[in-house]
Amino acid sequence: MKVNGTHTRTIWVEADQSVGTIDQTLLPHRYATMRLETADDAARAIKTMQVRGAPLIGAAAAYGMALAARQDSSDAALERAYALLIATRPTAINLKWALDEMMAALRNRPRAERVAAAYRRAEEIADEDVAIEKAIGKHGVKLIEDIAAKKAGARVNVLTHCNAGWLAAVDWGPATSPIYHAHDAGIPVHVWVDETRPRNQGASLTAWELGQHGVPHTVIADNTGGHLMQHGEVDIVITGTDRVTAQGDVANKIGTYLKALAAKDNGVPFYVALPSTTIDFTVLDGVNEIPIEQRGGDEVAMITGRTTDGRIESVQIVPDGSEVANYAFDVTPARLVTGLITERGVLTATREALAEAFPERKDAARDPAQAAE
Ligand code: MRU
């Protein structure tokens with residue numbers, strides 16, 4: 001998508017084979033790119049959330065493996081890099097998917113060929129994500145078109161949570177791709193952007209990228225969605241996800257579950273958009289089986305922003321001595337999900353629909369009888 005009018009991806013290879021990316025911790029106040037030179041750099045960038053969002057985490061980890069191979073392409077070095085990278089973020093399954101893809105591409109290859117093969121596979125993973133995100137948009141835009149047709153020219157209000165936009169992917173972004181497609185087709189689409197405490201990815205990232213593309217949007221405090229739904233101000237909710245189970249349960253940024261409950265109570269369709277690399281066919285019961293990342297308490301206790309005289313400052317918002325907890329994700333059970341917008345179409349959130357749409361993944365799927373074990 002666009003940064004200051006120029007088409008930009010979130011990750012790329014520089015002429016010297018280092019990896020370029022956007023430092024997302026500086027947005028929206030400063031747009032700055034950074035270079036990753038080593039697997040350690042990639043791991044640090046993922047952990048500190050300079051790069052974040054499930055598909056981008058996967059692509060960054062893939063490039064991290066290429067950077068590792070550039071330094072040392074031995075089996076031991078690649079395994080070290082794998083272990084380092086997989087430990088960075090536990091909930092986003094794209095991370096494991098991408099690392100496994102890289103290992104499969106490198107493991108049985110002569111050492112002399114590994115560096116080129118690693119960059120090639122990482123590039124493919126990034127390119128594939130762009131194609132997938134675009135396809136998600138082509139399927140998802142139909143949902144917005146249908147609503148627009150019924151509203152006879154009135155604006156279509158989409159509510160989204162966190163940042164599942166192009167900044168969270170390589171381009172387009174799962175939740176925003178349908179929105180960008182709708183906007184580009186001339187549909188009057190408006191986005192309610194949940195601020196998404198504690199890190200405010202909605203307020204700082206989604207609002208920024210929608211603004212860069214000229215999409216009308218309004219940032220709201222996290223607890224506003226239910227009120228808007230009660231008053232008919234939300235036509236559809238579209239979020240992203242960090243992991244979808246084989247039965248359609250959805251892990252996403254903390255607070256997503258509450259939006260799904262409010263949507264159900266108000267008859268508002270609740271869609272989740274995802275590349276199939278986010279589906280974990282080895283897991284069935286999302287609430288009990290998906291590991292939920294817990295992050296440092298400072299993200300809750302502190303808030304960062306720009307002062308009126310232009311300085312970026314962090315301030316403490318809780319009393320000294322108060323305990324804080326920082327659960328980064330929650331799980332929305334499949335029964336609350338109206339549909340999953342994937343690159344192969346809009347699916348019901350069921351085991352049958354997922355298995356039918358992705359038959360090549362069925363070998364990984366677990367028998368539901370095992371769910372209770
Ligand atoms: O903790 P983050 O910022 O990496 O979480 C991002 C989200 O929750 C997104 O909705 C998600 O990664 C899926 S969509 C790209």
Side-chain angles (χ1 to χ4, degrees), residues 1 10-11 21-25 27 45-61 88-98 126 129-130 132-134 136-137 140 158-180 191 193-209 222 237-244 250-260 270-280 286 290-296 299-300 326-332 337 340-343:
M1 304 310 290
T10 55
I11 196 157
T21 188
I22 299 164
D23 182 349
Q24 298 193 23
T25 59
L27 289 171
I46 295 170
K47 198 158 184 70
T48 61
M49 295 176 59
Q50 288 171 301
V51 302
R52 33 67 54 207
L56 179 57
I57 289 170
T88 50
R89 306 267 330 252
T91 304
I93 198 64
N94 301 62
L95 175 62
K96 180 171 187 308
W97 174 84
D129 184 62
V130 177
I132 287 172
E133 307 289 340
K134 191 168 178 186
I136 290 168
V158 182
L159 184 140
T160 193
H161 191 68
C162 194
N163 174 258
W166 76 266
L167 287 168
V170 180
D171 205 347
W172 291 101
T176 51
S177 187
I179 295 167
Y180 290 132
V191 185
V193 179
D194 281 355
E195 62 175 347
T196 320
R197 277 286 285 155
R199 289 186 66 105
N200 292 322
Q201 292 96 324
S204 55
L205 303 178
T206 305
W208 181 81
E209 65 161 87
D222 277 333
V237 179
I238 308 179
T239 75
T241 168
D242 282 66
R243 194 185 304 209
V244 172
V250 167
N252 193 48
K253 183 53 53 190
I254 193 77
T256 303
Y257 172 50
L258 293 178
K259 294 297 138 61
F270 183 92
Y271 283 92
V272 177
L274 60 132
S276 58
T277 48
T278 306
I279 306 169
D280 183 353
I290 296 178
I292 298 297
E293 176 180 8
Q294 291 192 49
R295 298 183 58 86
E299 291 181 357
V300 174
N326 187 4
Y327 295 87
F329 298 95
D330 60 26
V331 173
T332 300
V337 178
L340 301 169
I341 311 171
T342 75
E343 71 269 27

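When reading the values below, keep in mind they use all heavy atoms of this one structure, side chains included, and skip hydrogens, waters and symmetry mates. Start at 1 and go down the list; that is how both ligands and their atoms are numbered.
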S.K.: Please check: side-chain N/O of T91 versus main-chain N/O of P291, any donor-acceptor pairing under 3.5 Å?
M.R.: yes
S.K.: For a side-chain contact (heavy atoms from CB on, under 4.5 Å) check, start with the C-alpha distance between R89 and F329, then their side-chain angles and the critical distance, and finish with the verdict.
M.R.: CA-CA 11 Å; R89 306 267 330 252; F329 298 95; 3.5 Å; yes
S.K.: Side chains of N326 and E299: is there a donor and an acceptor less than 3.5 Å apart?
M.R.: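 Note: N326 and E299 side chains meet the donor-acceptor criterion.
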S.K.: Who's touching ligand 1 if we go heavy atoms under 4.0 Å?
M.R.: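 Heavy-atom contacts below 4.0 Å: M49, R52, G53, A54, P55, R89, C162, N163, A164, A168, P174, Q201, G240, T241, D242, N252, K253, F329.
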S.K.: Indicate yes or no for a side-chain donor-acceptor contact from N94 to the backbone of I57 under 3.5 Å, with no hydrogens or angles considered.
M.R.: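 Absent.
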S.K.: Got T196 and K253 here, is their nearest side-chain heavy-atom distance under 4.5 Å?
M.R.: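 The answer is yes; the side chains approach within 4.5 Å.
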S.K.: Apply side-chain hydrogen bond (donor to acceptor under 3.5 Å, both in side chains) to D194 and list each qualifying residue two or more places apart in sequence or on a separate chain.
M.R.: H161, K259
